[in-house]
Every structure is written in C-alpha cells, then in structure tokens.
There are 2 protein chains.
Amino acid sequence: MSKRHNTTLKELAKELNLSISTVSRALNDHPDINATTKQNVKDLARRMNYSPNLFARSFRSQKTNIIGVVVPNISHYFTSTILKGILEEAEIQGYRIIISESNNNEAKQTEMLNTMTQFGVDGILMSLSRRTTKVDDVLQTLNRVPIVLFDKVSQKIPCTQIVIDEEQAAFNAVEHLIELGKERIAIIKETENSYNSEKRYAGYLRALEHHGIKIRQKIILSTEDISLIHGRRLTNILLSMKKRPDAIFAITDNAAIGAIKALNKFKVKIPEEIAVVGFSNSANSKIIQPELTTVDQPGDKIGRTSVKYLIEEIENPSNDVITKTVEIKTTLVVRDSSLRA
Amino acid sequence: MSKRHNTTLKELAKELNLSISTVSRALNDHPDINATTKQNVKDLARRMNYSPNLFARSFRSQKTNIIGVVVPNISHYFTSTILKGILEEAEIQGYRIIISESNNNEAKQTEMLNTMTQFGVDGILMSLSRRTTKVDDVLQTLNRVPIVLFDKVSQKIPCTQIVIDEEQAAFNAVEHLIELGKERIAIIKETENSYNSEKRYAGYLRALEHHGIKIRQKIILSTEDISLIHGRRLTNILLSMKKRPDAIFAITDNAAIGAIKALNKFKVKIPEEIAVVGFSNSANSKIIQPELTTVDQPGDKIGRTSVKYLIEEIENPSNDVITKTVEIKTTLVVRDSSLRA
DNA sequence: AACGTTACCGCAAACGTTTGCAATTCATAA
DNA sequence: TTATGAATTGCAAACGTTTGCGGTAACGTT
C-alpha cells in the first residue's frame with residue numbers, strides 16, 4: 001500500500017549483483033553490454049515495474065523534454081484546435097506540454113515566460129497576447145530558449161513564425177464573393193493594426209483591385225473589439241446607408257455571425273440581397289442560420305508544424321537567428337450564407 | 001549571448017564567500033541565518049538574476065508541483081472552460097499543469113495515466129473517457145498518486161469527484177417548462193447509461209412526478225451519439241407523431257440545437273408550439289435562432305474546486321480512501337427557445 | 001612467454017538543491 | 001576561569017541518473 005515508491009536503478013543492481021552503471025547502460029541498449037545481461041536486466045525491470053525517474057534524468061541532462069505553451073485564451077475554439085495539434089505532435093516526438101494563459105495581458109505573458117524558463121522548458125510555443133508592445137521581455141527569454149510563434153505573431157521577434165496565409169485566404173474569400181456577382185463588398189475589420197487584421201484587409205484590397213472593382217471607403221468599417229455585438233452594430237450601419245452593400249466580408253466568424261443576426265432581424269435575404277463570409281470556420285459557423293461561408297483554418301496543422309519547427313531548433317541548436325515565416329494553407333468552406341439559391 | 005546559463009547557489013556562495021548551505025537557507029528564510037547575511041544574499045541573488053533550478057529541487061524533494069490533467073477532448077468548449085479554471089487556481093497555488101488528451105480512447109487514457117505518474121506529477125485531475133470499463137488501470141495509478149475526477153466520473157473509483165448537480169439542474173429545467181404550461185415534455189437522452197445522462201434523466205422524471213404529470217414512454221428518446229445530427233433525427237421522429245410533444249428537453253446543447261434546426265425546417269413555432277431546453281450553455285446556444293434556454297455549467301468553478309480538493313489531498317495525505325462527491329450548483333439561463341412571446 | 005585486443009563491466013564524479021549535524025564564535029552565567 | 005548556551009555558519013550526504021575512464025578476464029597473436 002506504500003503510496004508512491006518507485007524502484008530505482010540501485011535496487012535493480014542489487015537484485016542482479018550488477019553495478020548501477022551496467023544496469024543503466026543495459027536499459028539504454030548501450031553496445032558495451034552483453035546481450036544476455038541486457039535481457040536479464042530488462043526482464044527484472046519489467047517485473048519490478050521499474051520506470052526511470054524523469055526528474056533525475058532531466059536534472060542531469062539539463063533536458064526536460066517539456067515544451068511550454070503560452071496562449072491568450074485556452075477556451076477560444078481556434079486556439080483549442082491548435083492545442084490539440086500541439087498535443088498530438090508533441091506526444092509522437094516524446095515531449096510533454098505545459099500550458100498557461102496570458103489572458104491577453106502583457107504583464108502576465110512575460111510572467112508566464114519567466115516561470116516557464118525557470119521551470120526549464122526546452123522551448124516555448126507562443127501566441128502573442130493582443131497588445132504586445134514590450135517585445136524586450138520576449139527577446140530576453142528568446143535569448144535563453146528557442147521560441148516559435150504561431151497565429152498571433154510579430155515580425156519584431158526574430159524567430160520562426162507559423163501563421164496561416166491570411167492575405168491569400170482573404171483574397172480567396174473576397175474573390176468568391178466577386179465570382180458570385182457581388183461588387184459592393186463591405187469589410188468589417190479591426191481598428192487596431194493587428195497582424196491578422198492587416199493581412200486580411202490587404203487580401204480584400206488585392207482581390208478588389210485584381211478584379212477591377214472600385215474601393216469604397218464608406219463600406220470599409222473598423223471596430224476595436226471584433227465581436228458578435230460589434231459585427232451586428234456595424235451591419236446596422238451598413239443597412240442604414242442609402243446604397244447598401246451586396247456582400248459583407250467580416251474578418252472573424254463572430255463578427256460575421258453578428259452581421260447575419262442583424263440581417264435576419266431586418267429580414268434581409270442572405271445571400272440574395274447580401275452575402276456574408278466569415279473567417280475561422282468556428283463551430284458557430286455551422287449553427288447560425290443560414291450557415292456561414294468561412295475560411296477554414298487548420299488549427300491542428302498549425303499546432304503540429306509549430307511543434308515540428310520548435311523541436312528541430314531544440315535538437316539542432318544553431319547560433320544564428322532564424323526568422324522563417326511558415327504559412328499554412330487554408331480553404332474556403334462555402335455554405336448557405338454565400339450560396340446562390 | 002550564452003544561451004541558457006543559470007546562476008547556481010554555488011556561484012552565489014563563491015561570490016559572497018559563504019557556503020552553499022548558508023546561501024540556500026538565506027534564500028529560504030531559514031531562522032538560523034543572520035538578518036544582514038540574508039539581505040546580502042538576497043540582494044546578490046537578485047542582481048545575478050538567480051532562480052532556483054526547479055528540477056534539482058523537485059528531484060530532491062520528490063515533489064514536482066505539477067498536476068497532470070487528462071481530458072477526453074481539449075477542444076470541447078465545456079472542457080476548455082474547466083481547463084481555464086484549473087489553470088487559474090493552479091497558478092494561484094503555485095502548481096503547474098500538464099495536459100493530455102485521451103480522445104475518448106480507454107487504452108490511451110491509461111497510457112496517459114502511466115506517463116503522468118512516470119513523469120512524477122503530484123496528482124491527477126481527470127475526466128473519464130466515454131466508455132471507461134477497465135477501472136483497474138485507474139485504481140492502480142490511484143494507488144500511487146491522488147486523483148480527483150471531474151465532469152465524467154465513476155462511482156467505481158474511490159476518490160473525490162467534482163460534478164455539477166445534474167439531477168437538480170435537469171429538474172429545474174423541466175420544471176421551468178412545466179411552469180410555462182407545457183405538459184407533454186419529450187426528452188432526448190443517451191442510450192448508454194453514462195453518469196450524466198442517467199442523472200439528468202432522473203431529474204426529468206422527478207420533475208414530472210412532482211408536478212403530477214404522466215410519464216409517456218413514447219416521447220422518451222435515446223441515442224448512442226448525443227449530437228446535433230441525432231438531435232435533429234429524433235426531433236423529426238417526434239414531429240411525425242400523431243400527437244406531438246409541446247416541449248423538448250435535450251440533455252446536451254448540441255442535441256437541442258439539432259432539435260431547433262429540425263423545428264425551424266418545418267416552421268414549427270418555438271416556443272409556442274414546441275419549446276426547447278438544452279444543457280451546457282455552450283457558445284452555440286447564443287448563436288442559434290431562437291437562442292436556446294439551457295443549463296449553465298460553471299466550468300471554471302468546476303476546474304477551480306477540482307484543483308482545490310486535489311491539492312488538499314496532495315499536501316495532507318491520509319491513508320483512508322476519500323470518496324466525497326462535490327456537486328457544483330448550476331443555473332438555468334432562460335432564452336427565446338422557451339420564452340413565452 | 002609476453003603482449004595486444006576484445007568484450008564486458010564497475011568506480012566515481014557530476015548535475016543543483018536541501019538538511020541533519022557538527023563546528024565555530026561570542027556572550028553570559030556559575 | 002570554566003561551563004553553558006545561543007547564534008551563526010559550514011561540512012557532507014543524499015536524491016537517481018548518466019557517462020568518462022579505468023579495470024579485469026579471456027582469448028588470440030607473435
């Protein structure tokens with residue numbers, strides 16, 4: 001009943017009349033050790049239910065096989081799919097994952113970085129909190145362990161960054177609307193120049209230009225908080241215009257859903273009068289009626305590639321800074337909110 | 001630029017011409033140490049940016065201050081809110097969290113338990129995977145570290161369990177429907193006798209009995225997979241009955257949303273003809289039109305109390321088995337799907 | 001017979017920390 | 001003066017593992 005006693009190398013050694021080092025080497029398949037000895041050791045180890053004390057091991061090797069993950073909000077759906085991918089890939093590669101939240105609070109973010117490095121993680125995966133200004137703190141930890149950024153990234157931090165092809169994805173989404181015959185396409189984006197918002201806006205502009213459609217500042221709307229409520233609010237503004245748009249591209253699903261709710265309320269026909277396209281393919285996008293056309297971001301793939309790149313850096317450390325940006329391809333999921341009836 | 005060098009006690013000691021042990025004790029505020037010495041040590045520690053090597057520490061004390069968390073699916077919304085609560089409370093209490101997924105796969109679940117104990121976690125928080133039959137494996141790890149179960153629990157495992165008051169919550173939900181004047185209330189539940197489904201069904205029955213309403217087997221429907229699709233499917237069956245129910249209580253939001261989708265399709269007026277109540281207060285429940293009346297499960301509270309009870313057991317180990325069941329109160333969130341117009 | 005080689009194994013140090021105990025100093029009481 | 005005790009500090013062991021290096025035995029080679 002002795003709660004928690006783990007057999008040690010020493011006990012195995014005593015039992016077999018061998019030295020600790022021989023036992024250790026046998027278990028690690030060191031070539032110096034006789035085959036039958038190895039068998040004996042391994043057999044006994046299994047019988048005595050031996051498992052190495054990972055803390056002793058990583059204490060000695062200064063390698064923890066732990067990856068720290070810092071995200072703004074764990075219960076954000078897209079984030080949780082990324083985490084899923086991270087967990088899967090990490091498990092395959094024999095790493096464990098420690099997670100913490102920054103709650104979009106920069107102070108807390110740097111605090112988390114500190115406890116992570118103090119804890120001895122081999123590397124850090126991070127999605128930046130909303131308003132990250134003091135990049136210095138991040139740089140300081142980057143100086144101690146490798147970091148890979150994903151989703152919410154910043155070019156000011158010299159490390160590899162895994163993002164989706166925001167610009168191209170937005171381009172495709174808007175082009176899809178154009179191909180439906182829409183030509184007065186509003187956009188709902190963020191006021192603040194976040195990386196994601198900027199890129200998506202750029203894609204929007206490029207699509208319009210590429211198809212020779214005039215860019216109308218009036219229907220380019222911004223909001224601080226890109227949420228359902230403000231999506232609805234801005235859509236109400238669009239509806240009050242003398243000349244309404246014939247499509248709305250919202251740079252998040254939630255804003256798009258807010259738009260749909262506003263349109264539904266005023267019995268505007270979707271997509272005939274106004275089509276709507278969102279961004280994220282969140283679970284909500286299949287719940288709203290009509291179901292939302294949106295950009296699918298493969299969260300698990302982002303997670304898995306982030307892990308791959310990080311482990312690559314962990315296991316093959318180089319002195320020169322790496323500033324690769326990897327773009328993950330997205331696909332447009334066409335649903336009723338943009339389907340020609 | 002030396003990536004990762006951490007100052008050690010030894011270096012502090014040499015710098016101050018003190019012994020390592022004195023430095024250690026000074027930093028830990030041991031009463032034996034002279035006040036001014038303490039100050040000197042602490043000052044230098046700060047200046048040299050010292051932080052203890054947690055691995056060496058936990059290697060020695062056999063205490064890791066890490067809690068392992070095993071959940072079926074991290075990207076399930078309710079789960080992620082629980083995780084949020086776990087993270088918050090753990091951080092307050094100075095513990096770190098390692099997360100892994102069982103993917104509702106029992107073999108993987110026991111594998112995860114093993115790597116967690118091998119890793120040396122101080123305790124484990126777990127929500128059981130769907131069809132957990134071999135409780136033996138869990139009992140074996142329970143024999144090594146304390147475990148606290150939450151959400152998906154099992155009475156076969158003698159440990160403290162944190163659940164919501166499923167039965168009472170269901171009772172309240174159904175009573176709410178009765179008070180609206182509904183008396184032919186269907187239920188959509190799980191075929192399999194999961195803990196949650198059973199409890200919610202019991203609450204349903206009690207509410208009907210308590211209000212003297214006849215229980216009609218015909219409108220008690222079950223499904224293996226309690227999802228949107230099957231919620232819709234079963235609702236179609238309900239609609240095809242000669243005498244339709246006047247309300248539907250689905251034991252998950254997704255099934256309830258499926259029900260609403262079916263009702264919307266056939267233009268059944270909600271809630272006038274048929275009211276709908278779900279369970280979970282998932283994000284989706286505010287997206288669907290009409291918005292869904294549902295039981296709010298305070299995920300973060302479940303997470304926080306789970307951590308509290310676990311740490312209590314970790315820090316005050318007792319030899320006798322604890323089988324306390326803690327029930328977290330829920331509240332009914334009334335929305336359009338049951339609001340009298 | 002002397003030496004080199006091979007195959008196998010053990011000794012002991014090291015990682016950074018905590019802690020029981022011993023050692024030292026100094027002041028105070030006997 | 002000596003013994004006693006309190007206040008500080010240091011020594012060294014211990015936690016479990018890995019690993020460089022050295023050792024031993026057996027065997028083959030000259």
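Keep in mind that the numbers below use all heavy atoms, side chains included, and drop hydrogens, waters and symmetry copies. Numbered from 1 within each chain, the chains take letters A, B, ... in sequence-line order.
Between Lys38(B) atom NZ and dT9(D) atom C1' there is a gap of 13 Å when expressed in whole angstrom units. Counting to the nearest Å, the P atom of dC8(C) and the CG atom of Asn40(A) are 14 Å from each other. Here the C1' atom of nucleotide dG10(C) and the NZ atom of Lys14(A) are 17 Å apart, to the nearest Å. Rounded to an integer number of Å, the gap from CG of Leu16(A) to C1' of dC9(C) is 14 Å. A straight line from CG of Leu18(A) to C1' of dC11(C) spans 14 Å, rounded to a whole angstrom.
At its two ends the helix from dA1(C)-dT30(D) to dA30(C)-dT1(D) runs along axes set 80° apart, each axis drawn from five pairs and the angle rounded to 10°.
Note on residues 120-155 of chain B: no pairs pass ring pair (Phe, Tyr, Trp, His ring centres under 6.0 Å), not counting sequence neighbours. Counting only residues at least two apart or in different chains, salt bridge (charged side-chain N to carboxylate O under 4.0 Å, His left out) contacts with residues 70-84 of chain B comprise Glu101(A)-Lys84(B).
Using a 4.0 Å cut-off between charged nitrogen and carboxylate oxygen, Arg47(A) and Asp43(A) do not count as a salt-bridge pair.
Of the inter-residue distances, the one linking Leu44(A) atom CG with Leu12(A) atom CG reads 5.0 Å to the nearest 0.5 angstrom.
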All N/O donor-acceptor pairs, side-chain side in residues 48-56 of chain A, below 3.5 Å, sequence neighbours left out:
from	atom 1	to	atom 2	distance (Å)
Asn53(A)	OD1	Phe55(A)	N	2.8
Asn53(A)	OD1	Ala56(A)	N	3.0

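Side chain of Asn28(A) to main chain of His30(A): no donor-acceptor pair is present (N/O by atom type, distance under 3.5 Å, no hydrogens or angles).
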- Note on the structure: Reading nucleotides 16-28 of chain C from 5' to 3' and marking B where a protein heavy atom lies under 4.0 Å of the base, S where only the sugar-phosphate is that close, and - otherwise, the string is BBBBB--------
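Contacts of Ser21(A) classified as side-chain contact (heavy atoms from CB on, under 4.5 Å), with partners at least two apart in sequence or in another chain: Ser19(A), Arg25(A).
Heavy atoms of Thr37(A) sit under 4.0 angstrom from primed sugar atoms or phosphate atoms, though from no base atom.
Heavy-atom contacts from other residues, nucleotides or ligands closer than 6.0 Å to NZ of Lys301(A) number 12 or fewer.
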